[in-house]
Amino acid sequence: MQALGNKKVLLGITGGIAAYKSAELVRLLTKAGAEVRVVMTASAQKFVQPLTYQALSGHRVYLDLFDAEAESAMDHIELARWCDLLLVAPASADFLGKMNAGYADNLLLTLCLASKQSVAVAPAMNQQMFANPATQENIKQLAAKNVLLWGPAEGEQACGDVGPGRMLEAQQLCDKALQHLSPGRLAGVKLLLTAGPTREAIDPVRYISNRSSGKMGYAIATAAFEQGASVTLVSGPVALTAPGGVNLIAVESAQQMHDAVLQRAADSDVFVACAAVSDYRVDQAAAQKIKKSSDKLSLRLVLNTDILAAVSALEQRPFCVGFAAETQDVEGYALDKLKQKNLDMIAANQVGAGNSGFETDFNQLEVFWRDGRHAIAHASKTEVAKQLIDLIAERYTCARS
Ligand code: CTP
């Protein structure tokens with residue numbers, strides 16, 4: 001089933017240059033399975049033609065409170081009741097002000113006033129207009145009236161200014177709609193995750209690292225987010241883009257990863273240690289580039305703190321899931337780590353042979369917990385991650401009940 005299957009979204013578009021982004025939003029929401037109907041204000045029509053949204057949504061666009069044809073299809077009260085979510089994107093300063101004051105002199109304002117369903121607004125305006133106390137006051141008061149505020153983002157604006165006021169990207173708004181409308185199995189769960197390799201400095205230009213691509217961890221972050229978790233991803237250096245909606249903390253060394261994780265662990269519900277953390281670091285990284293001076297060079301390595309073991313030893317500890325990458329006796333070593341590190345679950349995989357594990361797009365896992373096990377068959381990392389998140393949700397729910 002699609003993520004937004006059977007969900008109905010009424011998308012209100014007000015006057016602003018960001019209206020063009022809403023065309024993409026209609027496409028993304030529709031692709032996710034939602035039925036989308038579009039309402040435009042008069043000024044929105046100055047930026048984009050209704051026909052664009054009609055073609056993308058597959059339905060006529062609602063324009064006027066007194067549009068006889070539209071009224072006969074579905075009157076405005078019916079339309080307000082029809083939707084699961086009324087999302088105004090872009091929401092101009094003028095619209096937010098009128099909405100806050102309870103005006104109903106156009107179709108979209110009337111719908112906002114008549115809707116008993118969730119109403120979300122995605123502000124889009126010049127940064128000075130956004131910063132104006134009148135706008136700030138309107139936004140504060142709308143939030144107090146349970147209107148959901150999605151954005152704005154900071155950045156370069158159409159007028160050349162830089163600052164907060166840009167509408168969120170279509171993908172971000174679609175993710176928010178998804179999270180709001182289909183809470184998923186991990187709704188309300190704070191999930192902390194490590195991914196990728198770490199880099200241990202030898203000198204300012206050299207480091208020790210490993211072959212982890214981060215793909216498995218990033219796939220788990222996406223799967224957890226899709227199941228409604230609030231995800232914080234502490235990632236070593238990888239060539240991947242963080243999944244939309246996930247809070248990314250970029251780190252380099254095992255020590256930095258440790259600090260970033262320990263700062264957040266006690267406040268998390270689930271911790272998944274997917275990173276290939278370097279077990280050792282160089283004792284004293286050189287402050288200057290090491291010059292070649294002799295035939296042999298020795299590096300003295302010292303053990304890094306085990307992040308996963310440190311989290312699982314916390315007094316207020318999250319549900320802990322570890323990984324075990326092994327080249328032999330996968331089950332024996334995995335069960336050993338489950339016990340030694342006092343984990344709730346461990347996902348083990350064979351590395352170094354075949355088309356799974358490091359640097360590939362595929363994986364297969366053998367997952368163990370104290371009194372059970374489950375095999376996740378060879379598949380894409382995206383698929384394996386989905387199944388692992390389902391299993392984590394199941395075990396986590398069991399552990400809490
Ligand atoms: N891990 C960690 N911090 C470390 C080392 C490992 O959090 N300093 C986590 C990994 O993210 C993984 C699990 O511990 O979830 C197992 O890591 P692995 O390297 O396979 O095992 P080790 O415990 O380091 O033991 P060994 O290298 O001897 O197999």
Side-chain angles (χ1 to χ4, degrees), residues 191-201 207-221 224 231-238 249-266 268 270-283 301-314 317-353 356-359 363-369 376 381 384-385 388-389 391-392 395-396:
L191 186 139
L192 181 64
L193 174 82
T194 64
T198 60
R199 283 181 184 173
E200 309 303 319
Y207 56 79
I208 299 173
S209 192
N210 59 63
R211 296 169 63 170
S212 165
S213 64
K215 284 179 183 167
M216 193 65 230
Y218 277 58
I220 294 173
V231 182
T232 299
L233 171 61
V234 180
S235 173
V238 292
I249 318 274
V251 296
E252 286 222 345
S253 66
Q255 186 61 50
Q256 288 170 355
M257 188 174 273
H258 170 273
D259 295 350
V261 165
L262 268 288
Q263 242 177 51
R264 296 165 176 85
S268 301
V270 177
F271 175 55
V272 183
C274 191
V277 185
S278 181
D279 285 331
Y280 293 90
R281 68 177 178 279
V282 177
D283 193 5
L301 303 180
V302 289
L303 195 62
N304 275 325
T305 310
D306 190 306
I307 302 169
L308 178 55
V311 171
S312 101
L314 290 174
R317 95 199 245 292
F319 182 90
C320 290
V321 183
F323 268 75
E326 309 293 348
T327 54
Q328 55 168 339
D329 188 12
V330 175
E331 181 173 344
Y333 282 123
L335 288 174
D336 220 36
K337 282 175 191 171
L338 180 74
K339 210 164 143 207
Q340 295 300 329
K341 300 194 192 189
N342 187 29
L343 307 179
D344 297 288
M345 267 175 89
I346 191 148
N349 63 335
Q350 179 119 23
V351 287
S356 65
F358 279 0
E359 289 180 313
N363 209 356
Q364 67 191 79
L365 296 173
E366 194 68 41
V367 188
F368 302 91
W369 55 99
I376 298 179
K381 285 184 173 171
V384 170
L388 180 63
I389 280 298
L391 201 56
I392 291 175
R395 302 306 318 155
Y396 170 69

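The figures here come from the full heavy-atom set of this structure, side chains too, leaving out hydrogens, waters and symmetry mates. In each ligand, atom 1 is the first atom listed, and ligand 1 is the first ligand listed.
- Although no hydrogens or angles enter the test, the distance criterion places no donor-acceptor pair under 3.5 Å between the side chain of R317 and the main chain of A266.
- Judged by distance alone, the side chains of Q255 and D259 do bring a donor and an acceptor atom under 3.5 Å apart.
- Ranking protein heavy atoms by distance to atom 1 (N) of ligand 1, first place goes to D306 OD1, 3.9 Å.
- You'll find the side chain of V270 stays beyond 4.5 Å of the side chain of D344, heavy atoms only.
- Counting only heavy atoms, the protein gets under 4.0 Å from atom 23 (O) of ligand 1.
- Only the side chain of D279 comes within 4.0 Å of ligand 1, judged by heavy-atom distances.
- Two residues are said to be in side-chain contact when any heavy atoms from C-beta on lie closer than 4.5 Å; I208 and Y280 fail this criterion.
- A distance-only check finds a donor-acceptor pair linking the side chain of N210 to the backbone of A276 [under 3.5 Å].
- Remark: the S235 side chain and the Y218 side chain contain an N/O donor-acceptor pair separated by less than 3.5 Å.
- In this comparison of L343, T198, L303, I307, the heavy atom closest to atom 3 (N) of ligand 1 sits on I307.
- Those atoms of ligand 1 with a heavy atom of G322 less than 4.0 angstrom away are 15 (O).
- In terms of protein heavy atoms, atom 14 (O) of ligand 1 is closest to K341 NZ, 2.8 Å.
- Closest to atom 8 (N) of ligand 1 by heavy atom, among V272, N304, T305, is T305.
- For A273, heavy-atom contacts with ligand 1 shorter than 4.0 Å involve the backbone as well as the side chain.
- Of all the atoms in ligand 1, the ones that sit under 4.0 Å from a non-hydrogen atom of L308 are 2 (C), 7 (O), 9 (C), 13 (C), 14 (O), 15 (O).
- Where the criterion is an N or O separation shorter than 3.5 Å, residue side chain and backbone included, T194 fails it with respect to ligand 1.
- For atom 17 (O) of ligand 1, the closest non-hydrogen atom on the protein side is F323 O, 3.8 Å.
- The number of heavy-atom neighbours closer than 6.0 Å to OH of Y207, taken from other residues, nucleotides and ligands shown, is 12 or below.
- Judged by distance alone, with hydrogens and angles left aside, the side-chain atoms of S268 form no donor-acceptor pair with the main-chain N or O of L191 at under 3.5 Å.
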For a side chain to side chain contact (heavy atoms under 4.5 Å, CB included) check, start with the C-alpha distance between F271 and L314, then their side-chain angles and the critical distance, and finish with the verdict. CA-CA 12 Å; F271 175 55; L314 290 174; over 6 Å; no
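- Atoms of ligand 1 found under 4.0 Å from any heavy atom of A275 (numbered from 1 in listed order, with element): 10 (C), 11 (O).
- Heavy-atom distances between A254 and ligand 1 stay at or above 4.0 Å for every pair.
- If you look at K337 next to ligand 1, the close heavy atoms, those under 4.0 Å, all belong to the side chain.
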